[in-house]
Protein chains: 2
Amino acid sequence: MVTIYDVAKKAGVSPSTVSRVLNKRGNVKEETRKRVEQACQKLNYVPNANASSLRKKNTKTLALIIPDIENPFYTSVLKGFEGITGKRGYNTIVCNTDGNSTKEEDFINTILAKRIDGVAITSVSRSIDHLNLVLNRNIPMILIDRKLNGLDVDIVCGDSFQGAIKLVNHLIGLGHQKIAIITAPVHLSTSRERLEGYKTALNRANIPIDNNLIKIDKKSEGYSSERAYEMVKELLEQQEVPTAIFAGNNFMALGVYKALREKGLKVPQDIAVVCFDDMNFIYQIEPFFTTVVQPAYTMGKMAAEILLNKIEGRYEDNKQKVILQPQLIIRKSCGYKTN
Amino acid sequence: MVTIYDVAKKAGVSPSTVSRVLNKRGNVKEETRKRVEQACQKLNYVPNANASSLRKKNTKTLALIIPDIENPFYTSVLKGFEGITGKRGYNTIVCNTDGNSTKEEDFINTILAKRIDGVAITSVSRSIDHLNLVLNRNIPMILIDRKLNGLDVDIVCGDSFQGAIKLVNHLIGLGHQKIAIITAPVHLSTSRERLEGYKTALNRANIPIDNNLIKIDKKSEGYSSERAYEMVKELLEQQEVPTAIFAGNNFMALGVYKALREKGLKVPQDIAVVCFDDMNFIYQIEPFFTTVVQPAYTMGKMAAEILLNKIEGRYEDNKQKVILQPQLIIRKSCGYKTN
DNA sequence: AAGTATCATAAAACCGATTTCATAATATAA
DNA sequence: TTATATTATGAAATCGGTTTTATGATACTT
């Protein structure tokens, strides 16, 4: 493996001079610079980033931790994030936790070990100990999408509360009264706020809240299509059957839909379904679910910008809290039922 | 930042002893080991992976380079890959090239710099120079999905030729004669082989090949939904209109479908559509396209296993060439036209 | 009991870059 | 022309681990 010493020898200079050329730092005579560059070329020299990081104490690498790489919401976040970081000279390593807090903790550990410069995370965990490890080392961190109690850090997220109100108001406007909600565990701030929004919208419309119509997943760690499926099956066993279902996110809506179909219920004829988040390209075939869409791409971009500014020491202390408004998109999954 | 020296001091031993404990190498007295472990705990010590890699000359990190993180095919590959590598103690960094060969080259460069232990790649590039840089450094590499001319390396891929034959035979069996193909640039081996399979199936059925029905993307670098859309638009301008369209992959099928719908053509009533690769979860809503499904998850797993075996020096020289058979899944996108 | 093998540990060298410090060569100022 | 500032470069220290080498203490042979 060719090192900076080999290049130095070939160019007839010292390693420090080669380093100066590579990093464009300090004064180097034009002619020397050329000799060094030629030597690099000839030897196919690629500097060892590990050695460089060791000395420089930075890695020009960020981590983006997300719970589900298959969800278009997070791939949009990813694309927005990488778009910015790439332009500003950083690599980002994507950590897909699959909604598993153990994996999340493992990732944090290797991030710590690799001395990553900054972390953006959508956490699935009930605990924040592993994230405090990051903060205690003064590694810049930003939350995306989900808030975390007891952790005062920068965050970019959507307004789940208002989004839920939009969705439920839409259903109420269509004449629905028996509206069920199927959502993820409420240790996730988004799920908690969507539930709050749901209740608030019903209250405002003077519709009594029926706990039988509220199904909160307590078994998994995140938004699970399978759990949504199971919970709808339970829901439909009850005497009280809803005329509309609000699914916590796009994937839960899929589980909801599957369960309904198996029970012989048609959407929207027999029952309406709405949810959070879009499915992008999928809807080229058949735009279907009425949803509240969050600006995922923008969230990724803004998170990257804030994180990089922190790393490069721009607006220091004051924590950024960016809350983006989602947009209601009405499609075919709700009929015009008048109850 | 706490270093191995801090731990050593706290435990009252030398750094080499701490290293021995950390790496479980060499003999260490039980009591000393405990003292060291406690010191690590108390100081929240996380070894610097860059320093370690520098000395050990490995990073326990692999790179997986894929062209489209939004395509379920590649996320399946990813999951299969990570499942194996994680279990065997390796991290994998995912490099999403977005079908852009410049990005691919950039990734290769940082992979080289970071001294990654091995590379798995689905290349989008027409050139192989950047990949030869990897091979020249004796960095283990394996191709996934796409072959590359002039590069003798291990590979795990699907049988695009046979898959295409299955698809076209299915259409022919349904009575179709005027079958169009819309596919990616043929510098991609999969596209080339699908085209060959298409031609072979027609030949075998004594159906003349009509070049007007063959649309090969020459503008983009990969399988593009947008380009498929445009090419179908062109196709439908011609006097000769097909009764069935074979789309190069799942995303191209989406573009095909969109164009057809805009032209007022219904699938499958007016025209049949088949394609390569599935869409997984999407089909929970409406399983639609008849496809030939490749075992993406298995491909990822096998690629990981072969790559790791190479890295850990198991079956040395002989190059593995794994070709997996795809499976025809018949759904609703083809009617029972008799022409 | 003396000689050899094994265990336990420390000191020092090393991985490959960057950075500080020192110094010679050149340019500029007085 | 001499003093000073600037440019150009190299030697050596450093980042934080791992590994080699050396050595004293135990354990095992015969």
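Lettering of chains follows the sequences in order, A, B, ..., and the numbering in each one begins at 1.
The local environment of NZ in Lys34(A) is sparse, with at most 12 non-hydrogen atoms from other residues, nucleotides or ligands closer than 6.0 Å. Within 6.0 Å of NZ in Lys9(B) there are 12 or fewer heavy atoms belonging to other residues, nucleotides or ligands.
The two residues Gly222(B) and Leu188(B) come nearest to each other via the heavy atoms CA-CD1, 3.8 Å.
Distance Asn27(A) CG to dT26(C) P: 15 Å, rounded to the nearest Å. In this structure, NZ of Lys29(B) is placed 10 Å from P of dA27(D), rounded to the nearest angstrom. If you measure from atom NZ of Lys60(A) to atom C1' of dT18(C), you get 15 Å, rounded to the nearest angstrom.
In this structure, CG in Leu43(B) is found 5.0 Å from NZ in Lys10(B), a value given to the nearest 0.5 Å.
An OP1 or OP2 oxygen of dA8(C) is reached within less than 4.0 angstrom by no side-chain nitrogen or oxygen of Thr32(B). The side chain of Thr17(B) contributes an N or O atom lying less than 4.0 Å from OP1 or OP2 of dA10(C).
With sequence neighbours excluded, the residues satisfying salt bridge (Lys or Arg N to Asp or Glu O under 4.0 Å) with Glu312(A) are Arg88(A), Arg314(A).
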Next item on the list: Quick one: do Arg35(A) and Glu31(A) satisfy salt bridge (Lys or Arg N to Asp or Glu O under 4.0 Å)? Show the steps, please.
Entry: CA-CA 6 Å; Arg35(A) 270 212 326 279; Glu31(A) 186 244 319; 2.7 Å; yes
Item checked: nucleotides 16-23 of chain D: protein proximity per nucleotide (B base, S sugar-phosphate only, - neither; heavy atom, under 4.0 Å) -> BBBB----
